[in-house]
Protein chains: 2
Amino acid sequence: MKKKPGLKDIAQEAGVSTALVSYVLNNKKEGRINKDLAQKIKQIARSLNYRTNQIARSLKTNRTHTIGLIVADISNNFSSSLARIIEDEADHHGYTVLFGSSDENDAKFERILDTLVTRQVDGLIMAPPENTENQVRILQQQQVPFVLFDRYYPGFQCNYVALDNFGAVYKGVTHLINKNRKKIGLITYRSSLFHLQERVRGYVEALNDNGIGFNPERLKEVDIIYRKTEIETAIDDLLFHKDPVDAIIFGSNSIALNGLKHILKRNISVPDALEIVSFDETDAQDLFNASMTFLRQPMLEMGQTATRILLDQMNKSKTPQEIILQAEMIHVER
Amino acid sequence: MKKKPGLKDIAQEAGVSTALVSYVLNNKKEGRINKDLAQKIKQIARSLNYRTNQIARSLKTNRTHTIGLIVADISNNFSSSLARIIEDEADHHGYTVLFGSSDENDAKFERILDTLVTRQVDGLIMAPPENTENQVRILQQQQVPFVLFDRYYPGFQCNYVALDNFGAVYKGVTHLINKNRKKIGLITYRSSLFHLQERVRGYVEALNDNGIGFNPERLKEVDIIYRKTEIETAIDDLLFHKDPVDAIIFGSNSIALNGLKHILKRNISVPDALEIVSFDETDAQDLFNASMTFLRQPMLEMGQTATRILLDQMNKSKTPQEIILQAEMIHVER
DNA sequence: TGGCAATGTTTAATCGTTTAAACAAAAATA
DNA sequence: TATTTTTGTTTAAACGATTAAACATTGCCA
């Protein structure tokens, strides 16, 4: 890579000091600088195709104008949609995004976190996997600004923006019961992550509150990095049972996708034989040609809020913002 | 944000110079340094939770170990899948990824490019939108290492990894003709981008080579940032015509998704009344419960090859690599 | 005419690393 | 013992920007 032109090169060509060039290009000391000279300097900068060396600037100013984003997997629709929203919001404020995918793996999460902090990101937005609370606490002690999204640790005061998972599932179950379904299965992730526990709690509590009672055989938990067969088995267990379910709630877009595929293969009639409620409406699911209900997460709000809180904290440290958003229940009739 | 510990802090605590600390932490001059002292320094570093300031290091070494990625839209499955592959490949070599979405807009592309170069990325992987050839030429003149993916400019020697779009569509059309379909529609993007032109060429040529002849009414081009209705209109035009098509080729996963939705709505029987060939198999399309054919892009190879070429060029500048990959035609029977 | 303010530009320190070169002390060699 | 070599560590100059402070020069007013 050829050596790039620097302030020095411009200064030399203009016969002035680098300081002056810096002032001109940053529009500082506007009143004081000779207008013609300023024009000339800008002209030379343009002709040399000069671009600020942001690395050098960052070293001096202690600001990189970069934010770090740690998602579970950028290739997943949930993560990439959020990434896009965050990118736009960050961009509006002059920030660029460095990202990494944790694969729900704590060691990888730590590594990425380290890499990003090392690169002096001004702040972080992240969805921490299991067993990372300690890392995040250390981050907080070091006063690196960050906002969690999607997940958080109960009793750990810090910025986060997450869904009311309890409420979402509760709403879903209640909806199904109102549709006269009483044998409701839930396929979600097996995890100690609080927000996922909340789903199970919402499921159990909604059943109890409606006098149905929780049947453990209808709660199917798959690994957070699941194999397709896990979901297929779960569905088969729920359906080809002496007392089969008449409704299933899917815990994520990806579970829903694989679940629906399998339901298609098994030739189950939806919604007659089986009502479906799914987290995370994605437009892909529209291809499944049957009525179903979605628990839509307010992605835009989640992404924008997370970014705004972060930008806020980066400027003036304020008290932690703990934001819980509600899922919207959408019924799609077909 | 609290001030982070630096080499200076470690040096002070250990009663040595920062140079020595640097040597120890980077495992340089291994033979010469007192082992006990080295241990002590490492110990102190750990206890202070020291992390290299990569910004300072980059300024000195002129390497950021960051690569820039410009995609059309990170929230689109094609972009995010590639991003993930690139992330992994980069990560294996100690690189992190800074990204931006161009929205197929040349001005935005330029802005992102500028931002990334300014941040001294060591190299770039990008899918340039229309009217950006000049920018990319300037980049080449400045000897910033880069690799284009998905697209390239004919007659412009530079690194790229792209699909044989001509061949892919040609293969698709031929396949349909072999299935005895003679009235084949193509819905693709209206664009001066070479790789998209190639598709049209493949379509026309395959028709001609099979003695069918090109009927312009069956070629539907939608804006690259299309509205859903454009695709719906295109499909209606093709189907509810005095001489309706008996097959449609979709030019991307997103066109296919919206197209299939509409076909579903119109209640067209696939594949009896209408054979479908679609670019970019995504697992979402499996929800469309009918046999269809995919022109699958070798995503993994594309992403890995692009990254490897880039890493290669960053180390020792070599002659431009121009790689054309073949699409794989997959028939899914349902 | 002398003093002060306003204007325009430069000097020089700094950010936190890296690294060649210098240096000091100990060990090996003559 | 004098000299050289080896070992262990420090000095100091970068990297490319920012920015407070210093320095000229000019204009203004009493």
Side-chain angles (χ1 to χ4, degrees), chain A residues 1-42 44-45 48-66 117-122 142, chain B residues 1-42 44-45 48-66 117-122 142:
Chain A
M1 189 151 33
K2 212 188 322 200
K3 206 184 144 305
K4 298 178 182 153
L7 288 187
K8 216 188 300 182
D9 303 281
I10 301 175
Q12 202 146 37
E13 183 145 347
V16 297
S17 71
T18 60
L20 188 57
V21 177
S22 173
Y23 286 130
V24 167
L25 297 183
N26 292 303
N27 297 311
K28 299 213 167 155
K29 307 241 184 137
E30 291 247 42
R32 325 259 316 230
I33 296 165
N34 182 311
K35 282 210 155 199
D36 291 343
L37 185 52
Q39 267 324 102
K40 180 178 162 199
I41 288 172
K42 283 184 178 168
I44 293 173
L48 290 180
N49 234 306
Y50 170 80
R51 310 195 221 218
T52 304
N53 183 326
Q54 182 64 40
I55 293 294
R57 176 185 285 171
S58 291
L59 181 59
K60 181 65 183 152
T61 62
N62 212 25
R63 286 252 164 195
T64 55
H65 284 273
T66 301
V117 173
T118 267
R119 278 171 173 68
Q120 311 296 118
V121 295
D122 293 336
Q142 290 169 160
Chain B
M1 187 150 34
K2 213 191 317 202
K3 203 182 143 308
K4 297 175 182 157
L7 289 186
K8 217 189 297 183
D9 303 282
I10 301 174
Q12 202 145 39
E13 181 143 348
V16 298
S17 70
T18 61
L20 187 58
V21 177
S22 173
Y23 287 131
V24 167
L25 297 183
N26 293 303
N27 296 310
K28 297 212 169 158
K29 306 234 184 152
E30 292 247 45
R32 325 253 322 221
I33 296 164
N34 182 312
K35 282 209 152 199
D36 291 344
L37 185 51
Q39 267 325 103
K40 179 178 164 200
I41 288 172
K42 284 184 177 168
I44 293 173
L48 290 180
N49 234 307
Y50 170 79
R51 310 196 222 218
T52 304
N53 182 326
Q54 182 65 42
I55 293 293
R57 174 185 286 171
S58 291
L59 180 59
K60 183 65 186 151
T61 62
N62 212 26
R63 286 253 165 193
T64 56
H65 284 273
T66 302
V117 173
T118 267
R119 278 173 174 66
Q120 312 296 117
V121 294
D122 293 336
Q142 290 169 159

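Hydrogens, waters and symmetry mates play no part in the numbers below; they use all other heavy atoms, side chains included. Each chain gets a letter, A, B and so on, in the order its sequence line appears, and its residues count up from 1. All of these numbers come straight from a predicted model, not from anything done at the bench.
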Peer 1: Mapping Y23(B) and A56(B) onto DNA chain C by nearest heavy atom, which one lands closer to the 5' end?
Peer 2: A56(B)
Peer 1: Taking atom P of dT6(D) as reference, at what distance in whole Å does atom CD of E30(B) sit?
Peer 2: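 In whole Å, dT6(D) P and E30(B) CD are 20 Å from each other.
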Peer 1: What's the CZ-P distance between R63(A) and dT14(C), to the nearest Å?
Peer 2: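 Rounded to whole Å, this separation is 22 Å.
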Peer 1: Answer whether the closest heavy-atom distance between the side chains of Q54(B) and T66(B) falls below 4.5 Å.
Peer 2: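 Q54(B) does not reach T66(B) side chain to side chain.
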Peer 1: Whole angstrom is fine here: how far is it from CD1 in I10(A) over to C1' in dG16(D)?
Peer 2: 12 Å
Peer 1: When you measure from the side chain of L7(A), which nucleotide among dG16(C), dG8(C), dT18(D) comes out closest?
Peer 2: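 Among the listed nucleotides, the one closest to the side chain of L7(A) is dT18(D).
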Peer 1: Indicate whether OP1 or OP2 belonging to dT18(C) is found under 4.0 Å from a side-chain N or O atom of S22(B).
Peer 2: yes
Peer 1: Could you say whether G15(B) or T61(B) is positioned toward the 5' end of DNA chain D, judged by the nucleotide with the nearest heavy atom to each?
Peer 2: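 Closer to the 5' end of DNA chain D: G15(B).
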Peer 1: dT17(C) C1' sits how many Å from N27(B) CG, rounded?
Peer 2: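 In whole Å, dT17(C) C1' lies 16 Å from N27(B) CG.
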Peer 1: Rounded off to whole Å, could you give me the CD1-to-P distance for the I33(A) and dT7(C) pair?
Peer 2: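 Taking atom P of dT7(C) as the reference, CD1 of I33(A) is at 13 Å.
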Peer 1: In whole angstrom, give the distance that lies between atom CG of L20(A) and atom P of dA20(D).
Peer 2: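 To the nearest whole Å, that distance equals 16 Å.
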Peer 1: With DNA chain D as reference, determine whether K3(A) or L37(B) sits nearer its 5' end, using the nearest nucleotide of each.
Peer 2: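 By nearest-heavy-atom nucleotide position, the 5'-most residue is L37(B).
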Peer 1: For K35(B) and dG8(D), what is the distance between atoms NZ and P respectively, to the nearest whole Å?
Peer 2: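 The distance from NZ of K35(B) to P of dG8(D) comes to 11 Å, rounded to the nearest Å.
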Peer 1: Would you say a side-chain N or O of K28(A) is under 4.0 Å from OP1 or OP2 of dT19(D)?
Peer 2: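 Looking at the OP1 and OP2 atoms of dT19(D), one of them is under 4.0 Å from a side-chain N or O of K28(A).
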Peer 1: Among the candidates dA21(D), dG16(D), dT17(C), find the nucleotide nearest to the side-chain atoms of N53(A).
Peer 2: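 When the side chain of N53(A) is considered, dG16(D) is the closest of dA21(D), dG16(D), dT17(C).
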Peer 1: Here's a test for you: under side chain to side chain contact (heavy atoms under 4.5 Å, CB included), which of I41(B), I44(B), V21(B), L25(B) qualifies with Y50(B)?
Peer 2: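 Among the candidates, only L25(B) passes.
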Peer 1: Does dT18(D) have OP1 or OP2 under 4.0 Å away from a side-chain N or O of N26(A)?
Peer 2: yes
Peer 1: Whether the side chain of R119(A) engages the backbone of H65(B) through a donor-acceptor N/O pair (distance < 3.5 Å, no angle test) should be reported.
Peer 2: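 A pair under 3.5 Å: yes.
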Peer 1: In Å and rounded to the nearest 0.5 Å, what is the NZ to CD distance from K40(B) to E13(B)?
Peer 2: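 If I round to the nearest 0.5 Å, the distance is 8.5 Å.
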Peer 1: Do you know the tightest heavy-atom contact between K8(B) and T18(B)?
Peer 2: CA-CG2, 3.7 Å
Peer 1: So, does R32(A) get its side chain near the phosphate of dT7(C), meaning an N or O under 4.0 Å from OP1 or OP2?
Peer 2: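 Negative; the distance criterion is not met.
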Peer 1: Between dA12(C), dA21(C), dG16(C), spot the one nearest the side chain of A19(A), thanks.
Peer 2: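 Among the listed nucleotides, the one closest to the side chain of A19(A) is dA12(C).
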Peer 1: L25(A) CG to dG16(D) P: how many Å, rounded?
Peer 2: 16 Å
Peer 1: Of the options dG8(D), dC15(C), dT9(C), whose atoms approach the side-chain atoms of K60(A) most closely?
Peer 2: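 In terms of side-chain proximity for K60(A), the closest of dG8(D), dC15(C), dT9(C) is dC15(C).
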